[in-house]
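Structure first, commentary second.
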Protein chains: 2
Amino acid sequence: MPDGSARTRTARAKKVPAGEAPAAEPPAKDTARVRSPDAERTRLDIIAVARSEFVEKGLDGASVNDIAARTRTTKPMIYYYFGSKEKLYAAVMEEAYGGMRAVEQSLRLEHLEPMEAVRRLVEVTFDYHADNPDFVRLIAIENIHLARHIAAAPAIAKRNAAVIEIIRALLKRGEQEGVFRKGVDPVDLHLLISSFCFYRVSNRHTWSAIFGRDVETAKHAAAQRRMIVEAVERYLAA
Amino acid sequence: MPDGSARTRTARAKKVPAGEAPAAEPPAKDTARVRSPDAERTRLDIIAVARSEFVEKGLDGASVNDIAARTRTTKPMIYYYFGSKEKLYAAVMEEAYGGMRAVEQSLRLEHLEPMEAVRRLVEVTFDYHADNPDFVRLIAIENIHLARHIAAAPAIAKRNAAVIEIIRALLKRGEQEGVFRKGVDPVDLHLLISSFCFYRVSNRHTWSAIFGRDVETAKHAAAQRRMIVEAVERYLAA
DNA sequence: GTCTATAAATGGATAGAC
DNA sequence: GTCTATCCATTTATAGAC
């Protein structure tokens with residue numbers, strides 16, 4: 001089993017963790033001091049193309065040949081940089097969570113009334129998923145593969161679990177002010193919010209095939225946005 | 001593009017819809033009068049094995065070789081019965097929705113008070129998803145493939161859209177009795193319920209990788225079940 | 001209807017020159 | 001670091017005997 005990708009290694013001193021063949025000294029990838037500007041440019045090019053291919057066709061559906069063809073470089077370079085198709089995919093996954101994380105960090109909910117803060121949290125979560133269907137697809141694909149690749153990269157988990165603390169603080173404040181009920185679990189609340197925002201994007205194809213409704217219609221999207229906001233507000237109300 | 005699979009054809013009189021090569025008279029599959037009992041047995045055997053392989057590895061990840069190996073028959077037979085890997089997958093998909101549909105039909109909500117009926121609807125939906133993770137995976141996989149295969153089989157859509165009428169009737173009754181608010185869209189309500197029940201199963205792997213919580217723990221499952229019931233009840237309350 | 005054997009293409013991955 | 005050319009396993013799919 002791979003360790004996620006070479007990216008997680010930060011210290012040059014550390015050698016290959018003893019097990020696989022060293023494979024011709026992979027490029028040391030310090031974000032601080034990059035070996036070659038071109039190398040990093042090539043690397044980002046590969047990641048961008050790979051992301052789009054994996055989004056469209058999944059891990060098994062995508063082919064390294066096709067990825068290489070859309071790159072400015074060639075197939076052996078992909079293996080030189082990433083070692084395998086699966087490690088390339090893992091590198092794509094690692095970047096995928098970045099956006100939502102950034103949004104969550106910029107929320108600054110502590111300046112708002114608790115109920116107002118919840119509304120904002122839900123709306124922001126809704127909008128992010130609606131605006132980033134590629135992100136949603138990547139997560140769905142990763143779940144098909146049992147989250148093997150993000151499970152192998154603990155850094156991802158650590159950074160992402162931060163939302164829970166934001167929600168926990170908000171719940172506590174709301175309880176103390178008497179506007180929220182007591183005993184709500186922050187992880188479960190996050191589940192309630194995320195599930196709706198995610199599912200309406202991830203399952204929009206079966207949904208529109210079965211119910212003949214284009215979920216993405218602006219009119220329905222707005223109604224659904226109001227719906228989840230209100231559902232969460234009412235659920236939390238004291 | 002295929003029409004879904006040979007299964008949807010009911011009349012023997014109908015010939016191949018003009019386009020592809022007839023390919024050696026595919027087995028006429030009337031559920032009423034089956035040609036050979038063994039043939040139907042073989043067919044069901046293939047479907048069962050294929051379902052399990054597709055569930056585990058997805059459409060692209062599964063291989064016809066592996067499916068055939070686990071069957072009591074051989075690879076050419078799979079092509080004889082289904083024509084292609086993708087049509088075999090489509091046949092699996094067509095059966096996938098059967099269970100949930102059956103559950104919905106047996107609900108008999110009209111004998112319950114509206115609020116009690118909603119609770120029951122939510123609980124049954126929750127339990128079905130929790131007890132059938134394979135079903136959830138198939139739907140997730142189908143969405144990765146843009147629901148191409150169920151979109152090609154309109155019969156699936158028609159049968160499944162029936163829940164909406166059940167919900168619509170329930171909402172109307174609740175409104176008239178004054179216990180439900182007005183103006184709730186039945187499709188959106190179905191979305192609110194389904195999203196939570198589906199997502200907590202479909203995304204349990206990334207979820208447990210990130211939040212380190214096994215969603216399937218009985219304790220958490222029970223809490224989440226109460227949560228979605230209560231969230232929907234409060235959302236609907238007049 | 002059911003099998004053995006194989007075609008034909010594509011897949012991931014590398015050797016080795018520069 | 002980057003490329004050309006290629007290896008070899010695996011894949012979907014069929015031909016053809018029975």
Side-chain angles (χ1 to χ4, degrees), chain A residues 2 5-6 20-29 34-47 49-50 53-54 56-92 145 149, chain B residues 2 5-6 20-29 34-47 49-50 53-54 56-92 145 149:
Chain A
S5 97
E20 305 303 294
E25 182 67 14
K29 201 278 167 187
V34 174
R35 296 271 178 143
S36 151
D38 279 358
E40 186 59 14
R41 200 162 139 269
T42 301
R43 216 188 150 269
L44 291 175
D45 179 34
I46 295 171
I47 291 251
V49 171
E53 285 284 316
F54 285 131
E56 194 183 340
K57 301 171 191 169
L59 172 51
D60 295 306
S63 99
V64 181
N65 282 335
D66 292 354
I67 293 173
R70 287 180 46 194
T71 304
R72 76 163 62 84
T73 179
T74 58
K75 186 160 61 153
M77 281 309 292
I78 294 180
Y79 284 91
Y80 177 74
Y81 275 100
F82 297 95
S84 74
K85 176 185 174 178
E86 195 156 4
K87 286 186 191 167
L88 171 57
Y89 170 81
V92 168
H145 295 281
H149 313 86
Chain B
S5 96
E20 306 302 293
E25 182 67 15
K29 200 278 167 186
V34 174
R35 296 269 179 143
S36 152
D38 280 357
E40 185 60 12
R41 201 163 139 269
T42 300
R43 218 190 148 266
L44 290 175
D45 179 35
I46 295 171
I47 289 251
V49 172
E53 285 283 317
F54 285 131
E56 195 183 339
K57 302 171 190 169
L59 172 52
D60 295 305
S63 99
V64 180
N65 282 336
D66 292 353
I67 293 173
R70 289 180 47 195
T71 305
R72 76 163 60 85
T73 180
T74 57
K75 188 160 58 156
M77 281 310 292
I78 295 180
Y79 285 94
Y80 176 75
Y81 276 100
F82 297 95
S84 73
K85 175 184 175 179
E86 195 155 5
K87 285 186 191 166
L88 171 57
Y89 170 81
V92 168
H145 296 281
H149 313 87

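Quantities reported herein were computed from a predicted structural model and do not represent experimental measurements. Proteins get letters first, then strands, A, B, ... in listed order; numbering begins at 1 in each.
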Nearest-Å distance for atom pair CZ/P, residues A/Arg72 and D/dT2: 10 Å
Nearest to the side chain of A/Ala39, which nucleotide is it out of D/dG1, D/dT12, C/dG12? D/dG1
Would you say the side-chain atoms of A/Asp45 pair up with the backbone N or O of A/Arg72, donor to acceptor, closer than 3.5 Å? yes
Rounded to whole Å, the CD1-C1' distance (B/Ile78 to C/dC3) equals 13 Å
A/Met77 CE to C/dA15 C1': how many Å, rounded? 16 Å
Taking atom P of C/dT10 as reference, at what distance in whole Å does atom CD1 of A/Ile67 sit? 17 Å
Send over the distance from A/Asn65 CG to D/dC3 P, rounded to a whole Å. 15 Å
Is the shortest heavy-atom distance from the side chain of B/Ile47 to the side chain of B/Phe82 under 4.5 Å? yes
How do A/Gly61 and A/Gly83 order along DNA chain C: which one's closest nucleotide is nearer the 5' end? A/Gly61
Whole angstrom is fine here: how far is it from OH in B/Tyr80 over to C1' in D/dA15? 16 Å
Does A/Tyr79 make a side-chain N or O approach to OP1 or OP2 of C/dA13 shorter than 4.0 Å? yes
Is B/Ala68 touching bases, backbone alone, or none of the nucleic acid, heavy atoms closer than 4.0 Å? nothing
Give a yes or no answer on whether the side chain of A/Lys75 reaches the backbone of A/Ala69 with a donor-acceptor pair at less than 3.5 Å. no
D/dG1 OP1/OP2 closer than 4.0 Å to side-chain N/O of A/Thr73: no
OP1 or OP2 of C/dT2 versus the side-chain N and O atoms of B/Tyr81: is any pair under 4.0 Å? yes
When the distance from NZ of A/Lys75 to P of D/dT2 is rounded to whole Å, what number comes out? 18 Å
Which of the following nucleotides, C/dG12, D/dT12, C/dA13, is nearest to the side chain of A/Ser84? C/dA13
Within less than 4.0 Å of OP1 or OP2 of D/dC3, is there a side-chain N or O belonging to A/Thr74? yes
Check whether any side-chain N or O of B/Lys85 sits under 3.5 Å from a backbone N or O of B/Ala62 as a donor-acceptor pair, and report yes or no. yes
Indicate yes or no: at least one non-hydrogen side-chain atom of B/Leu88 is less than 4.5 angstrom from one of B/Val64. no
Whole-Å distance separating the NZ atom of A/Lys57 from the P atom of C/dT10: 13 Å
Nucleotide nearest B/Pro76 when distance is taken to its side chain, options D/dT11, C/dT4, D/dG1: C/dT4
